[in-house]
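Step one of this worksheet: look at the structure below.
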Amino acid sequence: MPKHDTPLLDELESGPWPSFVTDIKRQAESKPECWDILGQLELSFKDRITHWKHGGIVGVFGYGGGIVGRYSDVPKEFPGVAHFHTVRLNQPSSKFYSSEKLRDICNLWEKYGSGMTNMHGSTGDLVLLGTTTDNLEPLFYDLTHDLKQDLGGSGSNLRTPACCLGKARCEWSCYDTQAACHHLTMHYQDEIHRPAFPYKFKFKFSGCPNDCVASAARSDFSVIGNWKGDIRVDAEAVKGYVNGDFTANGGAHGADVKLDVQADVCDLCPTHCMKLSGDKLFIDNSNCNHCMHCINMMPRALRPGAEQGATISVGAKAPILDGAQIATMVWPFVNVTPDNDFEDLIDKIENIWDWWMEVGKNRERVGETIMRVGLPTFLKVMEVEPIPQHVKEPRSNPYVFWQSEEVEGGFERDVKEFRKRHAQ
Amino acid sequence: MPKHDTPLLDELESGPWPSFVTDIKRQAESKPECWDILGQLELSFKDRITHWKHGGIVGVFGYGGGIVGRYSDVPKEFPGVAHFHTVRLNQPSSKFYSSEKLRDICNLWEKYGSGMTNMHGSTGDLVLLGTTTDNLEPLFYDLTHDLKQDLGGSGSNLRTPACCLGKARCEWSCYDTQAACHHLTMHYQDEIHRPAFPYKFKFKFSGCPNDCVASAARSDFSVIGNWKGDIRVDAEAVKGYVNGDFTANGGAHGADVKLDVQADVCDLCPTHCMKLSGDKLFIDNSNCNHCMHCINMMPRALRPGAEQGATISVGAKAPILDGAQIATMVWPFVNVTPDNDFEDLIDKIENIWDWWMEVGKNRERVGETIMRVGLPTFLKVMEVEPIPQHVKEPRSNPYVFWQSEEVEGGFERDVKEFRKRHAQ
Amino acid sequence: MGYDPENPMADRITDIGPPHFEQFFPEVVKKNYGKWLYHEITQPGVMMHKSETGDECWTVRVGAARLISIDLIREMCDIADAHCDGKLRFTTRNNVEFMVDDEAKVKPLMDDLAGRGNKFPIGGTGASASNCVHTQGWVHCHTPATDASGVVKAVMDELFEYFTSMKLPAKVKLALACCLNMCGAVHCSDIAILGVHRKPPMIDHDAISGLCELPLAIASCPLGAVKPAKATNSEGEEVKSVAVKHERCMFCGNCYTMCPAMPLADPDGDGIAILVGGKVSNARSNPTFSKMVIPFLPNTPPRWPETVDAVKNILETYAANANRYERIGEWAERIGWEKFFELTGIPFTMKCVDDYRLAYDTWRTTVSFKFTSHIK
Amino acid sequence: MGYDPENPMADRITDIGPPHFEQFFPEVVKKNYGKWLYHEITQPGVMMHKSETGDECWTVRVGAARLISIDLIREMCDIADAHCDGKLRFTTRNNVEFMVDDEAKVKPLMDDLAGRGNKFPIGGTGASASNCVHTQGWVHCHTPATDASGVVKAVMDELFEYFTSMKLPAKVKLALACCLNMCGAVHCSDIAILGVHRKPPMIDHDAISGLCELPLAIASCPLGAVKPAKATNSEGEEVKSVAVKHERCMFCGNCYTMCPAMPLADPDGDGIAILVGGKVSNARSNPTFSKMVIPFLPNTPPRWPETVDAVKNILETYAANANRYERIGEWAERIGWEKFFELTGIPFTMKCVDDYRLAYDTWRTTVSFKFTSHIK
Ligand code: SRM
Ligand code: SRM
Ligand code: SRM
Ligand code: SRM
Ligand code: SF4
Ligand code: SF4
Ligand code: SF4
Ligand code: SF4
Ligand code: SF4
Ligand code: SF4
Ligand code: SF4
Ligand code: SF4
């Protein structure tokens, strides 16, 4: 394939941020179809519009997901991208790799694809960008046989789960995010590969309320580490912060920014449940709402409490169609552990699926189904006792749906009896 | 009419709060129909249900409001209340009376009614409770000829306007609430007496953001006094508060509760725009949002700024049907003065009415109409420039309705042209 | 002469409006109109307003039942004549205010009021429990789910000491409405007592065709629970009528408002819901709606003990726990509603979880919450 | 042997899932898994995590374009082999992290990275502008209203100094999505760049019957703007098709997702909206949505100067005015959105006023506001 003139794209080769244009050009030396990627993109820059056709259904035998079909709408000019399908490889939990593994993937993609990737896709997959329909089966064969790994999800199925790096390199993780993510990914291979849902469904796992995988914004089933009981305090380290021995916020503002414990920690605590007297810090833990702020500010002095688990929220999604949702808190404190194969998670997931697959409309995310039937109905179906923690505030409208059996005498009444006592 | 046994009601004669039962019994000595009020009420206490029929349409010739028809559903037992219509007298602004005026009203009601009243109705009327259809015209005649006053509103019309006592006995009123209330009441006599609206419409006037007539909760057109520029500060009095010479909050917590200016005023200022240094108070007025808290706390030291006017909000209502609404701020700062016969209010009111009478559905409050068409549409019709003050926050959903003329090239496009550049 | 039934339109007068307010002002008010400088509540129920002219207006506020007789009004007039040059006023909360222009005149006035038994309780100022604004109830309305005057009497008897003192953290505004129409600011009150129906309307097939326009009745239902239907009346004739989908009904009563042949009221179905935490003023925090914390309490005349206890419990838990200057809703927001339920001991039920139009905005979309006794 | 087209199902392997994560851990991570005590960001892009065992994990974070070639990945592998025992990771924001177990190994690693031109910028930690997560844009998707990689490159070039330093009041999380589907956490980002369509779909009457199930296309519109209609194709034959009520369309693109014969994209119609103030973490304040402050900016490849300026202006106004530890949304909430618009100089337009499903909850229902320049 020939090189195209790309005057517009060339403008993106300057500047301090890494240039994908320069990168693609380099790759094009060994993978000439990359010239056509640049060519078509240049045309899009010129026309200010995409030149990809509406995705076609392609895939590997027996799977309903993992591949996103894509065809050029100007294939003659750019035959190298006439077919340009995406392959979603299910990433390892929290995206640690060995150079060996990555090289195998690069070689595989050199052989069967364009040589371009996304590290990573928004959901979490390792995304291989651009191959032909013919290459899909051979690629899948090598992937499963030689690389011993598998595709991720797409379509109306369970999407590739993702997690924060948790215990691997973070001091705050309240459960094993990687283990949970990996276990459920393996446990639900069928749901990931074979669409059986009304619409997509996503899991995301964060180890603490900082939510570093943005699960509350992006997952139908959001598992966020949390703790019960008292924040663990290292009184000596508190002194250190008071005396200015340590940087503020774990150095997040530079080495010379120290902490004013009163102003930066106590006064910014949303529940005002902290008191500093001298160099002693007192926390009224019964009023702490586990926001993480103080711990974030003084990582050497404070840690989440020792009794740890996770809070499960449901229904996050992007705006299409009824508007975006941040996940709604449903289970306040759940035990999340490999010791019982994460059965506390699995029970809840399958309750949701059973119900959603029954009542969910086509292309209705579980959050939208809950909006449609109401949170009370959802809690009932989940057999969850309603608690004030489920709401920001109680209802302000008086429109309560009572059931006949809840009301003395029930709903059936005899109007004639009524009329005897009340003349018309 | 005979006395009835009222064992249940008699229970309400004890206790420190004034007893309406004792009061009615006393009145019954001279107005025996009051025995039937007690008798039927006793029956309701026994049956735990009302014994009034669904209101019938009654009134005086030429008026469509001011009377609420009411009939007993047990007239044989209680003939004295077989007819029990309500007469709504339009109260004088902020409900000051002379004993002479009240005595005239009492005499009128002794002659034509049950002798029982509500001082006052929730909207603000002086409510005369219980008369017969035959008495309505004679009562109205005497009312207009001898007492020289008039009925208030009911039905789908302008309801009796009401106001706080404002400048009459309050230091904070930013405009003349009584004058505004009285002027508009007189100006709109026709709208009050002859229903011409899709549903009821209410004005309420409060002199400052404390909103002592709850206009923000209860009026379709809420006028609340407000100021621009700097809060007026009496530095000497500030010293007094700092030194504990004065009570906190104008004595609202008793004579011995003094003010901690830092804790009770500055720290509770929602915008944190106040600073106390020593006994000097500094207010960053550009960040003040006029909540009144500091002024409420130190009435001797602080007063609303000198440049005064009112903020107008629209659409408050009770829950029926789409849920309650607190009024939405529409005009941030309006000049409200008798000097121009309150024309700034009248213009806005009539703009709203013209539009609402055209697009409002039957029994749709203006707030519900605005909810249905959207605030942007309403602002456009009112020719109000949108400002950030109209919202708590900008929209979070991306669903903007663009108009064809706003978009280069407009909405009409030729798909064939498109296909030439984009193969199907 | 006077009204002549033969000739009703003779010299008819209309549209003259209310009397002008100014004529009813006490001298000190007229003289200092717009000149007030500051005020001081010198004791519960007594306020002094100071004018730039140096004048003082002393006000004594008295609680009233709102449902009052002309004889009682005449008695108020006697008091006004004796002490206030014949002037008095009513507040936006149905209290009566007697004003004098000299501190010396306050005590005689108060003694006079006190001398008249329990008719004229002095209070309702500052950090007190306000008079409870209310509506008609069984005394006059056709749609109530509870009584008004009776419930309010029972509640105010119990809260009396809070009306006559100023020992609460802040103002507590009480309100009662006897049905969902909420004739008052119940939807924005610190503590609101709300009459609620819980049974769907009955349909009087004998009366409906005569009394109602069926299309209006059908259109009246916000949830489309009212459907056209054929029915047989007591004569056994088939008539055009309506049917109500019970499972869709939320008992708002709008159908009954539009159609008298669809009564909802029921001795066991009806009762009281308690809402708290609303406010109207802009002080510190924005105006907010009251929130439903108790979905139902039974109608138990003559003294509604369950309702009285519920209100008192909320008031006193607030008094014991809130910061000064903090309204009930501000307190609940600060500590979190889970703490509100824990401290008051009010059981949290599914009924408190919103499932109406804007429900989503009330759901908890954060993992920040407090571990109260609710979490097992 | 390998894949055999003749017999595709031969010794097929499926559902084996991803490789287990543990095998990819650096030694220091494996050894100290779950034992970390605290961390310290020692300079922009460099973190030290301390374990209770006393071990230290030193991480160097490097920004990446996300759209990267296998050659670049191989280069990363070379670096990992040279310094990190062949291990590396990618963050949830598409950055690359190289980890070493000894402070002494940090400088050589950083020098190596720095020696490779602008490929591996070090930063993105702490109070920095994050890498801008993004989506496909014109590089791969069929529904974009703007490009992704190009816009992000232009923006990150301009914000570079904020990525490589930590001088902002707090973290600023940037995100771009190229259409309303919002493939990312754009709806909860500090600064979000969103591709928006502004023209209703065209209807390809030639293709529609072949490509789409009309009922699905009609059902796809949340506002019922798509209606069944007869039309004539270019052969002049009458065909079953659909029509779009333009005045009802809000350009969400869902119809196109369901029906390829209804393209929306347009060079002039499409462009970019800017949303700000969202967050996901629970720190201090609850997770919240981003709010639309600029409804439209044109698509101006290759460097989208209007968008770049808008983002920089917001970022720098925030940097100059916010308190430390305060996210953009927390700052805007504290000062009030009227102040946000005044300080940034962004014109407030009707487009920013919500008129969708939960709109009422965003209207200002208080008279508390600040007198900014907006009030004439
Ligand atoms: C590849 C990816 C963007 C990227 O560049 O990273 C992507 C690409 C597409 N998304 Fe997405 N989504 C991707 C992550 C997301 C996310 C983020 C996440 O998963 O954390 C979201 C928001 C969270 C959510 O699920 O709500 C997301 C919300 C959507 C939506 C809106 C769904 C909704 O309920 O609002 C659609 C529309 C649809 O499903 O028809 C959509 C549809 C699409 C389609 C399939 C286009 C379409 O209309 O059919 C895109 C294919 C583009 C292409 O040609 O490759 N994509 N999509 C992401 C998947 C890569 C991966 O597997 O790692
Ligand atoms: C008398 C009064 C209650 C009282 O005891 O004080 C009252 C009594 C009635 N109101 Fe009201 N409303 C009264 C003030 C209010 C208020 C308060 C206010 O005006 O400040 C409200 C709430 C504010 C508002 O307007 O939203 C109010 C909201 C309603 C509603 C619900 C309207 C809505 O849009 O939500 C209805 C239902 C209706 O209109 O059909 C209603 C309907 C009624 C009816 C006419 C019953 C009916 O369904 O037709 C009641 C007649 C009772 C009777 O037999 O006397 N009443 N009504 C108040 C008028 C007295 C006066 O003129 O001073
Ligand atoms: C007399 C009356 C106006 C009238 O025209 O009748 C009135 C009079 C005063 N109000 Fe009021 N308010 C009156 C009803 C209201 C209402 C409406 C209501 O009660 O339905 C409100 C809004 C209620 C709400 O927010 O839910 C109201 C919210 C206030 C506030 C704000 C309190 C707060 O912190 O939220 C103040 C300021 C204060 O007291 O610190 C205030 C302050 C005052 C002052 C101190 C104004 C002044 O300088 O004279 C007056 C005496 C206060 C007192 O009673 O302690 N007034 N005040 C009303 C007496 C009602 C009663 O008899 O109890
Ligand atoms: C590496 C990564 C997790 C991963 O599995 O990849 C990560 C790692 C850390 N995060 Fe995070 N966060 C990571 C994405 C996130 C996200 C998600 C996102 O960016 O989309 C969030 C939520 C974003 C939001 O709130 O909108 C996130 C919100 C936080 C917060 C809360 C900050 C706040 O005040 O709101 C902290 C606490 C802090 O930094 O004070 C935190 C703190 C941390 C700490 C200090 C945790 C620790 O003790 O090691 C880590 C280094 C912070 C740093 O970069 O300065 N991390 N962090 C992610 C790096 C992304 C990147 O390359 O830039
Ligand atoms: S979410 Fe919590 S546990 Fe996970 S990486 Fe972020 S801070 Fe660490
Ligand atoms: S975690 Fe948050 S709420 Fe709890 S003490 Fe720390 S700052 Fe306060
Ligand atoms: S609303 Fe303001 S002006 Fe009117 S009485 Fe209340 S405090 Fe005074
Ligand atoms: S009025 Fe309110 S916002 Fe303004 S300074 Fe006083 S307390 Fe602060
Ligand atoms: S609240 Fe309901 S029952 Fe009570 S007066 Fe108003 S309409 Fe009648
Ligand atoms: S009470 Fe309300 S919800 Fe029930 S049927 Fe009547 S109108 Fe419909
Ligand atoms: S945001 Fe829209 S255009 Fe961009 S990748 Fe996702 S679906 Fe495609
Ligand atoms: S773009 Fe959205 S709103 Fe417009 S027609 Fe298509 S589906 Fe309907």
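Just so we're on the same page: letters track the sequence lines, and every chain starts at 1.
- No part of R357(D) comes within reach of chain B, as not one of its non-hydrogen atoms sits under 4.5 angstrom from that chain.
- The choice from L358(D), I335(D), I203(D), L180(D) that makes the most heavy-atom pairs within less than 4.5 Å of chain B is L180(D).
- Most heavy-atom pairs under 4.5 Å with chain B, from the set G269(D), G336(D), P263(D): that is P263(D).
- Between R364(D) and Q389(B), the side chains place no donor N or O within less than 3.5 Å of an acceptor N or O (distance only, hydrogens not considered).
- Between F201(B) and F203(B), the ring planes lie perpendicular to each other; the angle is over 60°, past the 30° to 60° tilted range.
- Contact count against chain D (heavy-atom pairs under 4.5 Å) is highest for V391(B) among N397(B), V415(B), V391(B), D414(B).
- For S373(D) and E342(D), the side-chain atoms include at least one donor-acceptor pair closer than 3.5 Å.
- When A273(D), P347(D), P295(D), G277(D) are compared by the number of non-hydrogen pairs under 4.5 Å with chain B, P295(D) comes out ahead.
- Contact annotation for A207(D): only side-chain heavy atoms (C-beta onward) come within less than 4.5 Å of a heavy atom of chain B.
- By the 30° and 60° cut-offs, the orientation of the rings of Y256(D) relative to H142(D) is tilted.
- With a 4.5 angstrom heavy-atom cutoff, D266(D) touches chain B via backbone and side-chain atoms both.
- Both the backbone and the side chain of C291(B) come within less than 4.5 Å of a heavy atom in chain D.
- Side-chain contact of E237(D) with T232(D): a donor-acceptor pair under 3.5 Å is absent, judged by distance alone.
- Interface remark: A192(D) contributes no atoms to any contact with chain B (heavy atom separation under 4.5 Å).
- Of the residues listed (R365(B), Q325(B), K202(B), K317(B)), the one engaging D220(B) in a side chain to side chain donor-acceptor pair (under 3.5 Å) is R365(B), and it is the only one.
- Inspection of the S286(B) and D284(B) side chains reveals an N or O donor paired with an N or O acceptor under 3.5 Å.
- Classified by interplanar angle (parallel below 30°, tilted 30° to 60°, perpendicular above 60°), the ring pair F348(D)/F341(D) is perpendicular.
- Between chain B and the options Y360(D), F289(D), W363(D), F296(D), heavy-atom pairs under 4.5 Å are most frequent for W363(D).
- Checked by atom type, the side-chain pair H197(D)/D270(D) shows a donor-acceptor distance below 3.5 Å.
- Contact annotation for H290(B): both backbone and side-chain heavy atoms come within less than 4.5 Å of a heavy atom of chain D.
- Of the atoms belonging to W331(B), not a single heavy atom falls under 4.5 Å from chain D.
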Inset, instruction - Show your reasoning for whether side-chain hydrogen bond (donor to acceptor under 3.5 Å, both in side chains) applies to S285(D) and E330(D). - result: CA-CA 7 Å; S285(D) 58; E330(D) 294 171 318; 2.6 Å; yes
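- For K380(B), the parts lying near chain D are the backbone and the side chain together; criterion is any non-hydrogen pair under 4.5 Å.
- Looking at S313(B), the atoms closer than 4.5 Å to chain D (heavy atoms on both sides) all sit in the side chain, from C-beta outward.
- For K351(D), the parts sitting under 4.5 Å from any heavy atom of chain B are the backbone and the side chain alike.
- Only the side chain of L211(D) comes within contact range of chain B, with heavy atoms under 4.5 Å apart.
- In this structure, the portions of S234(D) lying under 4.5 Å from any heavy atom of chain B include both its backbone and its side chain.
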Legend entry - Full working for side-chain contact (heavy atoms from CB on, under 4.5 Å) between K199(D) and V407(B): CA-CA 8 Å; K199(D) 296 192 181 190; V407(B) 183; 3.5 Å; yes
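- Of the atoms belonging to T372(D), heavy atoms from both backbone and side chain fall under 4.5 Å from chain B.
- Residue with the most contacts toward chain D among G374(B), A327(B), G409(B): A327(B) (heavy-atom pairs, distance under 4.5 Å).
- The most heavy-atom pairs under 4.5 Å with chain D, out of V400(B), T271(B), L375(B), T311(B), come from L375(B).
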Inset, instruction - Test N299(D) against T146(D) for side-chain hydrogen bond (donor to acceptor under 3.5 Å, both in side chains), laying out the working first. - result: CA-CA 7 Å; N299(D) 270 330; T146(D) 189; 2.6 Å; yes
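- Chain D forms the most heavy-atom pairs under 4.5 Å with one residue out of T328(B), D211(B), I224(B), and that residue is T328(B).
- For Y399(B) and F251(D), the ring centers are positioned 6.0 Å apart or more.
- No donor-acceptor distance shorter than 3.5 angstrom exists from the side chain of N323(D) to the backbone of E326(D), with no hydrogens or angles considered.
- A salt bridge does not link K167(B) to D176(B): none of the charged nitrogens lies less than 4.0 Å from a carboxylate oxygen.
- With a 4.5 angstrom heavy-atom cutoff, E385(B) does not touch chain D via any of its atoms.
- Ranked by heavy-atom pairs shorter than 4.5 Å toward chain D, the options S222(B), P332(B), P388(B) are led by P388(B).
- Without hydrogens or angle criteria, R395(B) side chain to C352(D) main chain gives no donor-acceptor distance under 3.5 Å.
- Per-residue heavy-atom pair counts under 4.5 Å with chain D were compared for M292(B), Q403(B), E408(B), H272(B), and the maximum is reached by E408(B).
- Of the N and O atoms on the side chains of D347(B) and N351(B), not one donor lies less than 3.5 Å from an acceptor on the other residue.
- Residue V367(D) touches chain B through both its backbone and its side chain, counting heavy-atom pairs closer than 4.5 Å.
- Between W331(D) and N321(D), the side chains place no donor N or O within less than 3.5 Å of an acceptor N or O (distance only, hydrogens not considered).
- Within the 4.5 angstrom heavy-atom criterion, no atom of I312(B) approaches chain D.
- Ranked by heavy-atom pairs under 4.5 Å with chain B, the first of H374(D), K370(D), E338(D) is K370(D).
- If you measure heavy-atom distances from P267(D) to chain B, you find no contacts under 4.5 Å at all.
- Of the atoms belonging to S290(D), it is backbone heavy atoms, and not side-chain ones, that fall under 4.5 Å from chain B.
- For chain B, the option among D268(D), T365(D), T366(D), V276(D) with the highest count of heavy-atom pairs below 4.5 Å is T365(D).
- Of the two parts of N226(B), only the side chain, counted from C-beta on, holds a non-hydrogen atom closer than 4.5 Å to a non-hydrogen atom of chain D.
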